[in-house]
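Per chain, numbering begins at 1; letters A, B, ... match sequence-line order.
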2 protein chains.
Amino acid sequence: MQKQETLTKNQKIILDLIEKSDQPLKAYSILFDVKKKGINAPLQVYRALNKLVKIGKIHKIESRNAFIACKNSKCQIAKATVFSICESCEDVTEIHDHTLSEHLRDFKDNKGMKYNKYNLEFFGLCKKCI
Amino acid sequence: MQKQETLTKNQKIILDLIEKSDQPLKAYSILFDVKKKGINAPLQVYRALNKLVKIGKIHKIESRNAFIACKNSKCQIAKATVFSICESCEDVTEIHDHTLSEHLRDFKDNKGMKYNKYNLEFFGLCKKCI
DNA sequence: TAACGCTGTGTAATAATATAACATATTTAA
DNA sequence: TTAAATATGTTATATTATTACACAGCGTTA
């Protein structure tokens, strides 16, 4: 069993908000939404986001500067993420594909680099937007 | 044979600079360097960068907001990029691995999404930094 | 228990990254 | 040779993210 992290007040407020959304949220839109809960400054948001990313509760969609909740209970550490992104409607989905994950996990380059993490983003058009 | 793009003055200046660096450059560091060549505003840099990304001459390292020249002559379109990033020294290398590329190219999710592009970033420690 | 390290908070200021809007010029293609 | 498309130059501004500082809470440990 993995140790269950105890979240602080700010971290909980922000995680709640992100978990309620099925799409990625941007830091300043989060800030706007949590102002009524007493979180007033960007840094308070970024600090919580960084922590939540670190413990794997959320992931950052790098190409969009946005944050999405991790739906995969096994994903306790944010070390291996795959997303699909629709370039038309911007819908983002986390992908869990065993075969793909294995290939990525097992990948070795020829430079002797030691990987501990990867992030993969697929871009295209979703069913609705094709 | 792929059509050879004709680059404009600004695009050439900026591509030259990026190609001379073996590491990713950031937009504002590029701006600083090209001021002596008459490029004065961020937008001039971003416009050239966007074009160069589009035609596959450079790639954006999303997690670093930085731009690196594409060393792969086949890579005429920026549609499939794989990088390794050292989290200690920030060294970035473009990876060309045939097997990996095939897996990524052939990947199908179960949502019927049509992909035209992906970006994969591996993070870890390079040989020197281990 | 007192001192310390660690993590988190709150606030203000500012840095770094990126785009909007507008007027004009140049190139491409019908 | 004109229209469409692409690029330029400039100013202003929007968006994303961090630095710096003062302090609070908590567990360890000496």
Side-chain angles (χ1 to χ4, degrees), chain A residues 3-18 21 23-68 78 85 87 90 92 119 121, chain B residues 3-18 21 23-68 78 85 87 90 92 119 121:
Chain A
K3 183 199 162 205
Q4 187 62 32
E5 291 280 347
T6 311
L7 300 180
T8 65
K9 182 176 129 283
N10 288 2
Q11 290 161 7
K12 263 182 226 141
I13 290 170
I14 286 171
L15 178 57
D16 272 2
L17 184 67
I18 297 175
S21 166
Q23 287 300 301
L25 299 180
K26 307 204 137 213
Y28 277 73
S29 113
I30 292 169
L31 175 58
F32 180 87
D33 286 343
V34 298
K35 279 209 161 142
K36 45 177 147 350
K37 304 227 175 185
I39 295 178
N40 299 301
L43 192 46
Q44 294 175 290
V45 173
Y46 279 105
R47 283 198 283 227
L49 289 173
N50 291 341
K51 181 65 192 289
L52 292 169
V53 165
K54 207 163 155 192
I55 63 176
K57 293 289 190 186
I58 64 174
H59 302 301
K60 181 170 187 181
I61 311 297
E62 292 288 357
S63 67
R64 299 297 186 262
N65 300 314
F67 300 85
I68 193 167
I85 303 171
E87 291 186 298
E90 290 291 322
V92 174
N119 179 60
E121 298 178 9
Chain B
K3 183 198 163 206
Q4 186 63 31
E5 291 281 347
T6 311
L7 300 180
T8 65
K9 183 175 130 281
N10 288 1
Q11 289 160 8
K12 263 183 227 140
I13 290 170
I14 286 172
L15 178 57
D16 272 2
L17 184 67
I18 296 176
S21 167
Q23 286 301 301
L25 299 179
K26 306 204 139 214
Y28 278 72
S29 114
I30 292 170
L31 175 58
F32 179 86
D33 286 343
V34 298
K35 279 210 162 141
K36 45 179 147 347
K37 305 226 173 186
I39 294 177
N40 300 301
L43 194 45
Q44 294 175 291
V45 173
Y46 280 104
R47 284 197 282 228
L49 289 173
N50 290 341
K51 181 65 192 290
L52 293 169
V53 165
K54 206 162 152 192
I55 64 177
K57 293 289 189 186
I58 64 174
H59 301 300
K60 181 170 187 181
I61 311 298
E62 293 288 356
S63 67
R64 299 298 185 261
N65 300 315
F67 300 84
I68 193 167
I85 304 172
E87 292 186 297
E90 290 292 321
V92 173
N119 178 60
E121 298 178 8

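Rounded to an integer number of Å, the gap from Ile30(A) CD1 to dT16(D) C1' is 12 Å.
Neither OP1 nor OP2 of dT11(D) sits under 4.0 Å from any side-chain N or O of Asn40(B). An OP1 or OP2 oxygen of dA17(D) is reached within less than 4.0 angstrom by a side-chain nitrogen or oxygen of Lys60(A). In terms of phosphate contacts, Lys26(B) brings no side-chain nitrogen or oxygen within less than 4.0 Å of OP1 or OP2 of dA16(C). Residue Asn65(A) has no polar side-chain atom (N or O) positioned under 4.0 Å from OP1 or OP2 of dT17(C). Put simply, Lys51(B) has a side-chain N or O that comes within less than 4.0 Å of OP1 or OP2 on dA7(D). When the side-chain nitrogen and oxygen atoms of Gln44(A) are compared with OP1 and OP2 of dG10(C), one or more of them lie within a distance under 4.0 Å. For the pair Thr8(A) and dT7(C), the criterion of a side-chain N or O lying under 4.0 Å from OP1 or OP2 is not met.
Nearer the 5' end of DNA chain D, as judged by each residue's closest nucleotide, is the contact made by Gln11(B), out of Leu43(B) and Gln11(B).
Asp16(A) contributes no side-chain N or O that, together with a main-chain N or O of Ile14(A), makes up a donor-acceptor pair within less than 3.5 Å. The backbone N or O of Val92(A) lies less than 3.5 Å from a partner atom in the side chain of Gln23(A), making a donor-acceptor pair.
Within the 4.5 Å cutoff, the side chain of Ile30(A) has no heavy atoms near those of the Ile39(A) side chain. Counting heavy atoms from C-beta outward, Ile18(A) and Leu49(A) have side chains that approach closer than 4.5 Å. Put simply, the side chain of Phe67(A) does not reach to within 4.5 Å of the side chain of Ile61(A), judged on heavy atoms. Between Asn119(B) and His59(B), every side-chain heavy-atom pair lies at or beyond the 4.5 Å cut-off.
Note that the two end axes of the helix from dT1(C)-dA30(D) to dA30(C)-dT1(D) enclose an angle of 40°, each drawn from 5 base pairs, rounded to 10 degrees.
No donor-acceptor contact under 3.5 angstrom links the side chains of Ser63(A) and Glu62(B), judged on distance only.
Distances from the side chain of Arg47(B) to the nucleotides dT18(D), dA20(D), dA21(C) place dA21(C) closest.
Counting distance only, with no hydrogens placed and no angle test, the side-chain atoms of Tyr28(B) and the base atoms of dA15(C) include no donor-acceptor pair under 3.5 Å.
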